[in-house]
Amino acid sequence: MGLPLRMNNIHAPTVPAGPSSRPLTNGDAKHLSFSELQAKKDNLEAELKALSGVLDSHGVNMDTPLTTADGFPRADIDVAQIRTTRSRIIHLKNDYKDLMDTIEKHIHQHFASIQDTEDTTPASTRPAGMLGDFIPEILEEPFAKVNSVVAGSPAESAGLKPGDEIRSFGYVNKTNHDELKRVAECVQGNEGQRILVKISRRAESSRRQELQLNLTPRRNWGGRGLLGCHILPL
């Protein structure tokens with residue numbers, strides 16, 4: 001009793017650094033179009049930014065010691081959350097590096113294919129305005145539903161309404177929301193900054209409206225939390 005815990009590894013993340021242990025979302029990135037690769041890049045950058053915000057909220061970075069001088073875990077910070085956040089940052093940075101390599105190869109292949117097409121196809125036979133990598137926007141499957149919205153809250157100001165189904169919340173979607181934990185993480189890491197929220201809303205005649213809202217989490221709006229709404233997983 002009273003001896004410092006043997007926690008020489010407490011500064012390290014919960015898993016070792018190195019190649020990512022999880023596949024990139026939506027499968028093998030090599031088979032995605034350039035538009036999908038760019039969207040994945042934007043999502044990774046947004047999540048890394050939010051995770052950095054989580055560390056900032058604790059007043060630490062990736063190298064801040066998590067033990068006291070005598071070897072005890074620091075009591076002024078949430079050591080477990082910091083280690084988990086650091087671990088995810090390492091995984092995402094590895095994913096980001098792999099993704100950028102794939103994007104670079106895709107760009108080279110894309111321009112090579114354009115050159116081959118120009119060499120073999122007469123200009124008069126090409127449809128005007130055709131883009132080599134154009135795909136229509138694919139709607140993501142909803143993963144959460146707005147249960148209630150408080151009057152005067154940031155959620156109400158953004159235009160959220162009870163019954164709205166959330167297709168994406170910043171970088172969070174059906175594939176990675178982790179029982180809505182990522183939504184809370186996204187909100188905490190983006191306080192005072194706009195988050196793009198894509199929703200589906202039931203309209204007249206059983207039709208649905210697809211809307212994009214800008215939601216800014218903030219304190220001191222007169223109620224609890226940063227959003228002022230309650231959402232449930234679907």
Legend entry - salt bridge (Lys or Arg N to Asp or Glu O under 4.0 Å) partners of residues 211-234, not counting sequence neighbours, each pair once: E191-R219
Legend entry - Test side chain to side chain donor-acceptor pair (under 3.5 Å) applied to E45 - qualifying residues, sequence neighbours left out: K41, Y96
Inset, instruction - Quick one: pull up CD1 in I77 and CD1 in I82 and give me the separation to the nearest 0.5 Å. - result: 3.5 Å
Inset, instruction - First locate atom CG of D95, then atom CD of E47, and finally report the distance between them rounded to the nearest 0.5 Å. - result: 9.5 Å
Legend entry - Atom pair CG (D98) and OG1 (T102), whose distance is rounded to the nearest 0.5 Å: 6.5 Å
Legend entry - Side-chain donor/acceptor of D78 to backbone N/O of Q81, under 3.5 Å: yes
Legend entry - Flag side-chain contact, heavy atom, 4.5 Å: I195 against F169: yes
Legend entry - Shared hydrophobic cluster, L234 / L211 (ILVMFWY, side-chain heavy atoms < 4.5 Å): no
Legend entry - Straight-line distance of H91 NE2 to L51 CG, nearest 0.5 Å: 12.0 Å
Legend entry - I231 and N147, any side-chain heavy atoms less than 4.5 Å apart: no
Inset, instruction - Could you work out the complete set of other residues in the hydrophobic cluster of L232, with links drawn between I, L, V, M, F, W and Y side chains under 4.5 Å apart? - result: none
Inset, instruction - Output all residues satisfying salt bridge (charged side-chain N to carboxylate O under 4.0 Å, His left out) with D101, sequence neighbours left out; order by chain, then residue number. - result: K97
Inset, instruction - Drop me the distance from T85's OG1 to M62's CE, to the nearest 0.5 angstrom. - result: 9.5 Å
Legend entry - Path from V183 to V149 over hydrophobic side-chain contacts below 4.5 Å: yes
Legend entry - Heavy-atom side-chain proximity of R86 to L66 below 4.5 angstrom: yes
Legend entry - For the student: nearest non-hydrogen atoms of P142 and K174, plus distance: O-CD, 4.0 Å
Legend entry - Partner residues of F143 under the ring-ring contact (aromatic ring centres under 6.0 Å, His included) criterion, sequence neighbours left out: H177
Legend entry - Test side chain to side chain donor-acceptor pair (under 3.5 Å) applied to T68 - qualifying residues, sequence neighbours left out: D70
Inset, instruction - Show the numbers, then the answer: is there a side-chain contact (heavy atoms from CB on, under 4.5 Å) between V197 and Q212? - result: CA-CA 6 Å; V197 181; Q212 297 187 15; over 6 Å; no
Inset, instruction - Drop me the distance from L55's CG to D63's CG, to the nearest 0.5 angstrom. - result: 10.5 Å
Legend entry - Backbone N/O of N173 and side chain of N176: donor-acceptor pair under 3.5 Å: yes
Inset, instruction - Only counting residues at least two apart or in another chain, list the ones meeting side chain to side chain donor-acceptor pair (under 3.5 Å) with D76. - result: R74
Legend entry - Under 3.5 Å donor-acceptor, N61 side chain and T64 backbone: yes
Inset, instruction - Can you run down the side-chain hydrogen bond (donor to acceptor under 3.5 Å, both in side chains) pairs that involve residues 149-165, sequence neighbours left out, and say none if there aren't any? - result: D164-R201
Legend entry - With sequence neighbours excluded, residues passing side chain to side chain contact (heavy atoms under 4.5 Å, CB included) with L48: I89, L92, K93
Legend entry - Residues clustering with W221 (ILVMFWY side chains joined when closer than 4.5 Å, directly or via others): V150
Legend entry - Matching residue for V187 among L215, V172, L226 - test: side chain to side chain contact (heavy atoms under 4.5 Å, CB included): L226
Legend entry - Beyond-backbone contact of S200 with Q209, side-chain heavy atoms, under 4.5 angstrom: no
Inset, instruction - Taking the side chain as every heavy atom from C-beta outward, state whether V54 and D56 have any pair of such atoms under 4.5 Å apart. - result: no
Inset, instruction - Taking side chain to side chain donor-acceptor pair (under 3.5 Å) as the test, write out the residues that go with Q38, two or more places apart. - result: D42
Legend entry - Contacts of N214 that satisfy side chain to side chain contact (heavy atoms under 4.5 Å, CB included) - sequence neighbours left out: R194, L196
Legend entry - Residue of the set E185, R182, K40 for which side chain to side chain donor-acceptor pair (under 3.5 Å) holds with Y171: E185
Legend entry - For the student: nearest non-hydrogen atoms of A50 and C186, plus distance: CB-CA, 4.4 Å
